[in-house]
Protein chains: 2
Amino acid sequence: MTTTAPRRRASISDVARQAKVSVGTVSNVLNRPDRVSPATRERVLAAIDDLAFVPNGSARQLRAGTITTAGAIVLDVSNPFFTDVARGIEDRLEEADYTLMLASSDEKPEREARYLRLFEEHGVQGVMVVPATQDLEHLETLRARGLRVVLLDRPSPVDTLSSVAVDDRAGAAAAARHLVDLGHERIAFLNGPHTIRQCADRSAGLHDALVELGLDPVEALVEITISTLNADGGQTGTEQVLALAERPTATMCVNDLTALGALRTLRAADVPVPSGMAVVGYDDVTFAGELATPLTSVRQPTHQLGHRAADLLLDPDDVVEQVTFQPELVVRESTTGVG
Amino acid sequence: MTTTAPRRRASISDVARQAKVSVGTVSNVLNRPDRVSPATRERVLAAIDDLAFVPNGSARQLRAGTITTAGAIVLDVSNPFFTDVARGIEDRLEEADYTLMLASSDEKPEREARYLRLFEEHGVQGVMVVPATQDLEHLETLRARGLRVVLLDRPSPVDTLSSVAVDDRAGAAAAARHLVDLGHERIAFLNGPHTIRQCADRSAGLHDALVELGLDPVEALVEITISTLNADGGQTGTEQVLALAERPTATMCVNDLTALGALRTLRAADVPVPSGMAVVGYDDVTFAGELATPLTSVRQPTHQLGHRAADLLLDPDDVVEQVTFQPELVVRESTTGVG
DNA sequence: CGTCGTCGGTGAAACGGTTCATAGCATGAA
DNA sequence: TTCATGCTATGAACCGTTTCACCGACGACG
C-alpha cells in the first residue's frame with residue numbers, strides 16, 4: 001500500500017497542513033484533546049493516521065525539558081544478581097510510566113563514564129549505578145549539576161548521594177552464627193580481594209560474629225583469597241582448604257558460584273557434605289536450592305533493592321536517603337544434611 | 001562548595017559568551033576541533049570546563065537527525081539466555097561507538113509496543129526484538145517506516161525483516177542422536193506448549209532424528225507437556241515419567257532449569273543418573289557443567305547471536321538477511337556417566 | 001443593544017544545538 | 001601596491017515540538 005521507500009518522517013506541520021489546522025492545534029490534539037472540538041479532533045487524528053505520524057521525541061524533550069526515562073548502570077548484565085535488581089527497578093519505574101535505559105559498565109570506569117555522559121546528554125531524570133570504582137567524585141559532580149543519583153548495592157560514604165544497599169556484615173555474621181551453632185569451630189572463608197567493598201564487609205561480618213560468640217578469629221577463621229569469584233575460584237580455594245594441616249569443618253563462600261566450585265571439588269575428593277565439610281554460599285541464586293546438595297546461602301532482596309532505588313529516584317521531593325536492607329540466611333542441606 | 005540547587009544547565013551560548021566567541025565556534029570546538037585555532041580552542045575548552053557544560057543530546061539529535069543508539073527488547077532480562085544475547089549486542093555496538101537501550105517486554109505485547117514506540121520517538125537507528133507475539137505485522141509497519149528491525153531468536157517468516165536465530169530442530173536432533181547412539185530406545189521429552197515456537201521446533205527436531213535413525217517416534221518418544229519451563233516443571237514432569245508403565249531410559253528437557261528439576265527428582269527417587277536415567281538439557285547455562293552431575297546440554301551461541309544481530313542493524317547497506325546459527329551438543333556426565 | 005466570558009483556534013517565540021554562506025584578515029605572489 | 005588565497009570566526013537559518021498571548025465568534029445578560 002504505502003511506499004516502502006524510507007521517506008522523511010512526517011512532522012507535526014505535515015499533519016497540520018493535511019488536516020487544515022495550525023500546528024498548535026495538532027499539538028493540542030496530542031496533549032490536551034479536551035481543548036479541541038470533536039470535529040477538528042477527528043480530522044487531525046485521521047491525518048495522523050494517514051501520514052503514520054510519530055512525534056519526534058527529541059523535539060518534544062528539547063522544548064519540554066523533561067523526560068520520563070531513567071538510566072541504570074550495573075557491572076555486568078549477564079550476572080543474575082544484577083539482572084534481578086534491574087528487574088526490580090523496571091517494575092517500579094513502570095508504575096510511574098517511566099522507562100529504563102540499562103547498560104553495563106563491565107567494571108570498567110571508562111565505560112561507566114561513557115554511559116553516564118550519554119544519559120546526562122539525553123536528559124534522563126536520574127541514574128542508578130553500581131560504581132565500578134571506589135572513587136565517587138564524578139557522581140557527586142553529577143549530583144551537584146542537578147541529576148539524581150542513586151548508588152546501587154553500595155552504601156553511600158557521603159550524605160549528598162542516595163544509596164540502596166544490603167548489609168553485608170550482617171549477612172556474613174548470620175552465616176557464621178549458623179555454622180557456630182552447628183558446632184563448627186574452624187571455618188574457611190573463600191573470599192575475594194578486600195578492594196571489593198562487598199568482600200571486605202563480609203570478612204568483617206564474619207570476624208564480628210566469631211568474636212561475639214567468644215571465639216578467637218585468628219584460630220577459628222582461615223580466609224583464603226581467590227582471584228576469580230566464580231566456580232573456578234571455588235575449586236582452587238577448596239583445594240587449598242583441603243591441603244591445610246588442621247582442616248576446617250566448614251567453608252563459607254563469597255558467592256554461590258564459588259560455592260558451586262567448592263561442592264564439586266569436595267565431591268571429587270570424596271568429602272561428604274555437610275558431615276565432612278559444611279558449605280555456605282552467598283546470593284541465593286535461583287539454582288542454589290536445586291543442586292544435588294541444596295546450598296545454604298544468604299539471600300539478598302535483589303528485587304526490592306531495585307524497587308527501592310527507583311523509588312528514591314522518582315521521589316517528588318528529591319530526598320537523599322541511605323537505605324540498607326537486611327539479608328536473610330536460607331538454610332539447606334549443605335549445612336544441615338538431609339533433613 | 002557549589003550550590004546544590006539544580007540551576008539551569010549551561011548551554012552552548014553560555015559557553016560562547018564566556019569565551020567571547022560565537023556559538024558556531026563552540027560547536028566547531030566540539031565537533032571539528034581542527035577547524036579552530038589552538039588559542040581559541042583553549043579558551044573555549046576552559047569555558048566549557050568552567051561552566052561544566054554538557055551538550056544537550058536532544059537538541060543535537062533534533063538538528064543532526066541521526067543518533068548512535070539502538071534498542072533491544074527481550075522477553076525477560078532476568079533470563080540468562082537473553083542477557084547473554086544482550087551482552088553480545090552490547091559488545092558489537094560498542095565497536096561502532098553505539099549504545100544500547102535494553103528493555104524487557106515480559107512477554108506482554110502491550111509492553112513491547114510501548115517500548116517500540118519509545119524507541120521510535122527517540123529516533124533510534126533500529127531495534128532488535130524477541131517478539132512477544134506470533135503476529136509480526138507491527139514490526140513490518142515499523143520497517144516500512146524506515147526503522148531497522150532485526151528479529152532475535154526467531155527466524156523471519158517474511159523477507160522484509162532481518163532475523164538471527166538458532167536452528168532448534170538441529171539442536172534437538174543432535175541430542176536425540178546422542179541418546180540413541182548410547183543405546184536409548186525410549187526417550188521422554190519434557191517440553192512446553194507448541195504455541196511457543198522453540199518448543200514446537202525442538203519437538204520436530206526430535207521426531208526427525210528418530211525417524212532418520214529408523215525408530216518409530218510413536219514408540220520411542222513420550223512427550224510430556226509442562227506448563228512452567230523451570231525446575232518445578234521439570235519436577236512434576238519427571239514424576240510423570242517415573243510413573244509410566246514402560247519407563248523411558250532417557251529424559252530430554254526443553255531447557256536447563258527443567259533439567260535441574262528432573263535431576264533433583266531422580267535423585268530423590270534414588271534413580272541413578274545416567275545409568276537409571278540419562279538426562280539432557282538445553283541452553284548450556286553457566287552452571288550446567290557445575291552440577292553434582294554435570295549436565296549434557298545443547299549450547300546455543302548466545303553471544304554470537306547478539307553480535308550478529310547488532311551487525312545487521314549497523315550494516316551500512318541496510319541489507320535484509322535471515323541468519324541461522326547451529327547449536328552444539330556439549331556432552332557431560334548426565335548421559336555418559338563418570339568418565 | 002453594548003458588554004462580557006467562553007470556546008476553539010491561530011501563529012510566533014523558544015528550546016539548544018548544527019551547518020553553511022559569508023566576511024575579516026594575514027600572507028604571499030604578481 | 002594589488003589581488004588571489006587560505007584560514008578563522010561569525011551569525012542566521014533550521015530541526016520539530018510546546019506554550020502562550022491573542023483573536024474572532026457566539027451566547028448570555030443587564
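The residue Ser37(B) sits close only to the backbone: its heavy atoms come under 4.0 Å of sugar-phosphate atoms, none of a base. Residue Ser11(B) is classed as a sugar-phosphate contact, given heavy-atom separations below 4.0 Å to backbone atoms only. Val36(A) comes within 4.0 angstrom of sugar-phosphate atoms only, judged by non-hydrogen atoms across all strands, and of no base.
Atom C1' of nucleotide dT17(D) and atom CD of Gln61(B) are separated by 13 Å, given to the nearest angstrom. Separating the CG atom of Asn56(A) from the P atom of dC14(D) is a distance of 18 Å, rounded to the nearest angstrom. Atom-to-atom, CG of Leu62(B) to P of dC15(C) comes out at 14 Å; the value is rounded to the nearest Å. Following rounding to the nearest Å, Arg32(A) (CZ) and dT18(D) (C1') show an atom-to-atom distance of 8 Å. When the P atom of dC7(D) is taken as reference, atom CG of Asn28(B) falls 15 Å away, rounded to whole Å. Remark: P of dG16(D) and CG of Asp14(A) are 8 Å apart, rounded to the nearest angstrom. The nearest whole Å value for the distance from the CZ atom in Arg17(A) to the P atom in dG9(C) is 19 Å. Rounding to whole angstrom units, CZ of residue Arg43(A) and P of dG8(C) are separated by 14 Å.
Remark: Lys20(A) NZ is loosely packed, at most 12 non-hydrogen atoms of other residues, nucleotides or ligands lying under 6.0 Å away.
Side chains of Asp50(A) and Gln18(A): a donor-acceptor N/O pair is present below 3.5 angstrom, by distance only. For the 3.5 Å distance criterion, the side chains of Arg92(A) and Gln304(A) fail to qualify, holding no donor opposite an acceptor.
In this structure, Ala72(A) and Phe119(A) approach most closely via the heavy-atom pair N-CE1, 3.8 Å.
Of all nucleotides listed (dA12(C), dC15(C), dA13(D)), dA12(C) comes nearest to the side chain of Val23(A). Side-chain proximity of Thr25(B) to dT10(D), dG17(C), dG16(D): nearest is dT10(D). Side-chain proximity of Ser27(A) to the nucleotides dT18(C), dT18(D), dT10(D) is greatest for dT18(D).
Nearest-nucleotide assignment on DNA chain D puts the 5′-proximal partner with Asp34(B), out of Asp34(B) and Ala59(B).
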**Item:** From CA spacing to verdict: side chain to side chain donor-acceptor pair (under 3.5 Å), Gln61(B), His122(B)
**Value:** CA-CA 9 Å; Gln61(B) 186 178 322; His122(B) 280 77; over 6 Å; no
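Checked by distance alone, Arg63(A) brings no side-chain donor or acceptor within 3.5 Å of a matching partner on the base of dT17(D).
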